[in-house]
Amino acid sequence: MFLIPLHHNLKKMIDPNVRVRFAPSPTGPLHIGGVRTALYNYLFAKKHGGKLILRVEDTDQTRFVPGAESYIIESLAWCGIEFDESITVGGPHAPYRQSERKDLYQQYCIQLIDSGHAYYAFDTPEELEELRKNAEKIKKTFTYNTESRKNLYNSLTLSEEEVKRLINSNVPYVVRFLIPENTEIAMDDIIRGRVVVKSETLDDKVLFKSDGMPTYHLANIVDDHLMEISHVIRGEEWLPSLPLHILLYQAFGWNLPQFAHLPLLLKPDGNGKLSKRDGDRLGFPVFPLQWFDSKCGEISSGYRESGYFPDAFVNMLALLGWNPGTEQEIFSIDELVQAFSLERVGKAGSKFDPEKTKWFNHQYLIKKTDQELAVEYQPFLKEKGVEVNIKLLKKIIGLVKERVNFVKELWEETYFFFHSPEAYDEVVIKKRWKPDSPEQMTSLAEMLKSVDDFSTENIDVAISVWLEKNQFGMGAIMNALRLLLVGASKGPHLTDIMAIIGKEETLHRIHKGVQTIK
RNA sequence: GCUCCCAUCGUCUAGUCAGGCCCAGGACGCCAGGUUUUCAUCCUGGUAACAGGGGUUCGAAUCCCCUUGGGAGUACCA
């Protein structure tokens, strides 16, 4: 019996110890790059039967934006990304908001000071700013590092008594990490392989701010450890701080999680990271949901409001930086879960392509049933003051859905089913409306009157008999007739339209058109 | 400037780890033809890339080095 391989594979894939987190900062709306990071975390967790945690990193009180937190949750929910542990559903490691875990970080900070891995620094922001400016003047960058810390105002240079005195007299201070001298830090990244840096190139980052809050670096490591995070999957912008993070884990004596730094999403034209501006400039949404900035009153468009289907949006995002290695492009979220692996995430940044995003939406739209589309289309029709029964609407949609990318575009392809043309396209008149057209059309109307069962098939037969009898060309007649019925040179099969709008309306449109077009 | 990361069609990418099956495959876009009473869909075809230079090798898109280009980071932001 050869049962072992299958069983073995299954066992290897399913790992309940997999715990990943998405850790946004509530400083504004989440842009599609952030959504993709969340998505990859989700896919990875699901694939391995592990857990996905949402942790809000709100340690910078000055940048807090009201509504950002709920925006993030709503956006991801729209994408179908659900969390096993979060600020809303709770979990064994609650609270999941760092501002609510404030007291926790202090003890870890003290632990680092006591073990000699961190120190107090009393330099004011103004003093440091001054040093940076001076360094800039001679084309250098000031860094608080192994060299400069020897000449600055900190517990390394000050006497123990002086440090105590300063702290007791409430002089503001920060805690900085003491970067070790002359060591190399080796980092293993699932996507990038091994990266080695020298400790001299690092600076003594602030771990604890003078306002009593930890910085990202401290809070992040402490929480990832406490929350038993197994894999840290985040954007490439964090790669430069990875050595610091590794050093932090080592200073605490904790086991390292595995790291995977995702490539960035780049703007469609030119170079650089995708930003809100690009969306405004090139006319595509950068955010999953519409966002209203109460500060400046600006509205940024969202994929949801623009008419994208969440599954199409997710599908597009998944393929931006990851690929399955096969030629399959259309994936349901469950298929993505099955196919996903961090090993197949590329290293280079991806330029975002708004055109292909539309194509994805089109693929999902044509896959939907007429029933589903009819339900989604109804609100648009209501807005136009059109009432139509669902059975007929399904039929109409079936005729035109291949032509559109979005539900909202259905109107341009279907309005003529609901009312007679308000105008006739001048270009088409010039091309299709001949001197004998009025007479021909009137004669055609007369003939159509006698078609009792006004079905597509019957009309087709009646017209071809009539054309034969009068020796009229199919092209000339049908194009002129389309002009009268639709008002333009577009739309599905003409007799399908006629059957749907009915005999009376067809005759009405012919007579009205003949009178209107001169 | 410094540190780190990256480099295949215009774009997303396969192929790179285990060099020959690749004068490089797919998709989006674009162009042309076909189907069609219109427009669109659809079908067929086409367009178009291994950044450059050195090595290593019988053989390199694939390995190594350099150059160039791009990106990120360089805050008491995350």
Side-chain angles (χ1 to χ4, degrees), chain A residues 23-27 57-60 62-63 121 123-125 128-129 132 135-136 138-144 172-176 187 189 191-193 195-198 200-203 205-211 213-217 219-220 235-243 261 263-264 266 268-273 316 319-329 343-344 346-360 362 366 400-404 413 428 431-432 463 467 473-483 486 488-495:
Chain A
S25 174
T27 54
E57 310 225 321
D58 56 348
T59 50
D60 186 350
T62 63
R63 293 210 310 161
D123 319 270
T124 65
L128 295 172
E129 187 53 35
R132 280 194 191 95
E136 217 170 297
I138 52 170
K139 287 200 169 178
K140 293 227 167 140
T141 306
F142 166 77
T143 47
Y144 212 113
Y173 65 87
V174 300
V175 176
R176 286 181 181 273
M187 301 161 282
D189 186 280
I191 295 168
R192 277 147 227 289
V195 180
V196 181
V197 297
K198 292 188 169 69
E200 288 78 29
T201 64
L202 271 26
D203 61 336
K205 279 271 182 298
V206 171
L207 260 23
F208 211 80
K209 302 184 269 188
S210 57
D211 66 357
M213 275 289 201
T215 59
Y216 166 83
H217 302 293
N220 182 264
E236 194 187 342
E237 68 268 27
W238 294 111
L239 202 50
S241 30
L242 182 56
H261 287 87
L264 264 19
L266 275 19
D269 60 336
N271 304 308
K273 202 158 73 157
M316 172 279 295
L319 271 307
L320 220 49
W322 168 85
N323 77 82
T326 65
E327 279 171 7
Q328 183 179 351
E329 293 204 89
E343 285 72 23
R344 293 207 64 89
K347 296 179 190 183
S350 313
K351 285 189 184 172
F352 179 70
D353 184 355
E355 285 308 311
K356 190 143 186 183
T357 309
K358 288 180 190 161
W359 176 81
F360 272 109
H362 180 245
I366 59 178
V400 302
K401 68 174 176 184
E402 301 259 331
R403 305 160 174 261
V404 298
E413 305 300 328
V428 181
K431 193 172 167 194
R432 308 290 194 189
I463 288 180
L467 285 172
M474 172 86 109
I477 296 299
M478 295 310 263
N479 284 312
L481 180 58
R482 180 175 293 277
L483 176 64
V486 176
S489 169
K490 68 174 181 186
H493 195 72
L494 202 47
T495 52

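What's counted below: heavy atoms across the whole structure, side chains too, no hydrogens, waters or symmetry copies. None of the values given here were measured: they were computed from a predicted structure. Protein chains get the first letters and strands the later ones, always in sequence-line order, with residue 1 at the start of each.
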Study note, to complete from the structure: When rounded to the nearest 0.5 Å, the distance separating CG of A/N323 from CD of A/Q328 is 11.5 Å

Study note, to complete from the structure: The residue, A/H362 or A/G475, whose nearest nucleotide of RNA chain B is more 5′ is A/G475

Review point. Contact class for A/K140 (heavy atom, under 4.0 Å): base, sugar-phosphate, or nothing?
Key: nothing

Review point. When you compare B/rA7 with B/rG52, how far apart are their C1' atoms, in angstrom units rounded to a whole number?
Key: 12 Å

Check your understanding: How long is the line joining CD1 of A/I366 and P of B/rA40, in whole Å?
Key -> 17 Å

Check your understanding: Can you check whether A/Y216's main-chain N or O pairs, donor with acceptor, with A/N220's side chain at less than 3.5 Å?
Key -> no

Review point. Rounded to whole angstroms, how far apart are CD on A/E402 and C1' on B/rC43?
Key: 13 Å

**Study point:** Backbone of A/M213 reached by a side-chain donor or acceptor of A/T59 within 3.5 Å
**Key:** no

Check your understanding: Does A/K347 make a side-chain N or O approach to OP1 or OP2 of B/rC6 shorter than 4.0 Å?
Key -> yes

Exercise for review: Determine the interatomic distance between C1' on B/rC12 and the same-named atom on B/rG29; round to the nearest Å.
Suggested key: 11 Å

Check your understanding: Can you check the A/K490 NZ to B/rU41 P distance for me, whole Å?
Key -> 14 Å

Exercise for review: Hunt down the Watson-Crick or G-U wobble partner of B/rC23, both distances under 3.5 Å, from any strand shown, or write none.
Suggested key: none

Check your understanding: Can you check the A/E413 CD to B/rA40 P distance for me, whole Å?
Key -> 10 Å

Point to revise | Distance between P atoms of B/rC65 and B/rG25 (Å, rounded) | key: 29 Å

Point to revise | Option passing side chain to side chain contact (heavy atoms under 4.5 Å, CB included) with A/E236 (candidates A/L264, A/D189, A/I191) | key: A/L264

Check your understanding: Is the phosphate of B/rG15, meaning OP1 or OP2, less than 4.0 Å from a side-chain N or O of A/R344?
Key -> yes

Review point. Side-chain contact, heavy-atom cut-off 4.5 Å: A/L128 with A/F142?
Key: yes

I'd like a list of close polar pairs between nucleotides 28-33 of chain B and the protein, N/O only, cut-off under 3.5 Å.
{"residue": "B/rC28", "atom": "OP1", "partner": "A/W359", "partner atom": "NE1", "Å": "3.4"}

Review point. Which nucleotide, in any strand shown, forms a Watson-Crick or G-U wobble pair with B/rC30, with both distances under 3.5 Å?
Key: B/rG46

Practice item. Take atom CD of A/E200 and atom P of B/rC4, then tell me their distance rounded to the nearest Å. Key: 12 Å

Practice item. Check whether any side-chain heavy atom of A/P324 lies under 4.5 Å from a side-chain heavy atom of A/L319, and answer yes or no. Key: yes

Review point. In whole angstroms, how far is the P atom of B/rA27 from the CE atom of A/M316?
Key: 20 Å

**Study point:** Whole-angstrom distance between B/rA27 and B/rG46, as gauged at atom P
**Key:** 12 Å

Revision key, fill the gap. Rounded to whole Å, CZ of A/R432 lies from C1' of B/rC39 at a distance of 10 Å

Check your understanding: Does the side chain of A/N323 get closer than 4.0 angstrom to OP1 or OP2 of B/rA14 through an N or O atom?
Key -> yes

Review point. With A/T62, which residues qualify under side chain to side chain donor-acceptor pair (under 3.5 Å), at least two apart?
Key: A/D60

**Study point:** P spacing across the pair B/rC39 / B/rA24, given as an integer number of angstrom
**Key:** 36 Å

Check your understanding: Of A/P492 and A/P268, whose nearest nucleotide on RNA chain B comes first from the 5' end?
Key -> A/P268

Review point. Base, sugar-phosphate, or nothing for A/G193, non-hydrogen atoms under 4.0 angstrom?
Key: nothing

Practice item. Sort out the partner of B/rU16 for me: Watson-Crick or G-U wobble, both distances under 3.5 Å, none otherwise. Key: none

Practice item. Applying side-chain contact (heavy atoms from CB on, under 4.5 Å), name anything that partners A/R482, two or more places apart in sequence or on another chain. Key: A/V486, A/L494, A/I497

**Study point:** Footprint string (nucleotides 65-78 of chain B, 5' to 3'): B base within contact, S backbone only, - free, heavy atoms under 4.0 Å
**Key:** -----SSSS-SBBB

Exercise for review: Please state the P separation for the pair B/rG59 and B/rU47 - nearest whole angstrom.
Suggested key: 31 Å

Exercise for review: Once you apply the 3.5 Å cut-off to both distances, tell me the Watson-Crick or G-U wobble partner of B/rU41, or none.
Suggested key: none

Review point. Does A/R63 have any side chain to side chain donor-acceptor pair (under 3.5 Å) partners at least two apart in sequence or in another chain, and if so, which?
Key: none

Check your understanding: Taking the same atom, P, in B/rC31 and in B/rU68, what whole-Å distance lies between them?
Key -> 39 Å

Review point. Paired with B/rC9 by Watson-Crick or G-U wobble geometry, both distances under 3.5 Å: which nucleotide is it?
Key: none

**Study point:** Who pairs with B/rC2 - Watson-Crick or G-U, where each distance is under 3.5 Å
**Key:** B/rG73

**Study point:** Gap between atoms CG and C1', on A/N479 and B/rU36 respectively (whole Å)
**Key:** 11 Å

Practice item. Kindly indicate whether the side chain of A/L242, heavy atoms from C-beta on, has any atom under 4.5 Å from the side chain of A/H261. Key: yes

**Study point:** From A/E129 atom CD to A/D123 atom CG, the distance as rounded to the nearest 0.5 Å
**Key:** 13.0 Å

Point to revise | B/rG26 to B/rG19 separation - P atoms, rounded to the nearest Å | key: 25 Å

**Study point:** Sequence-distant partners of A/D269, side chain to side chain donor-acceptor pair (under 3.5 Å), two or more places apart
**Key:** A/R281

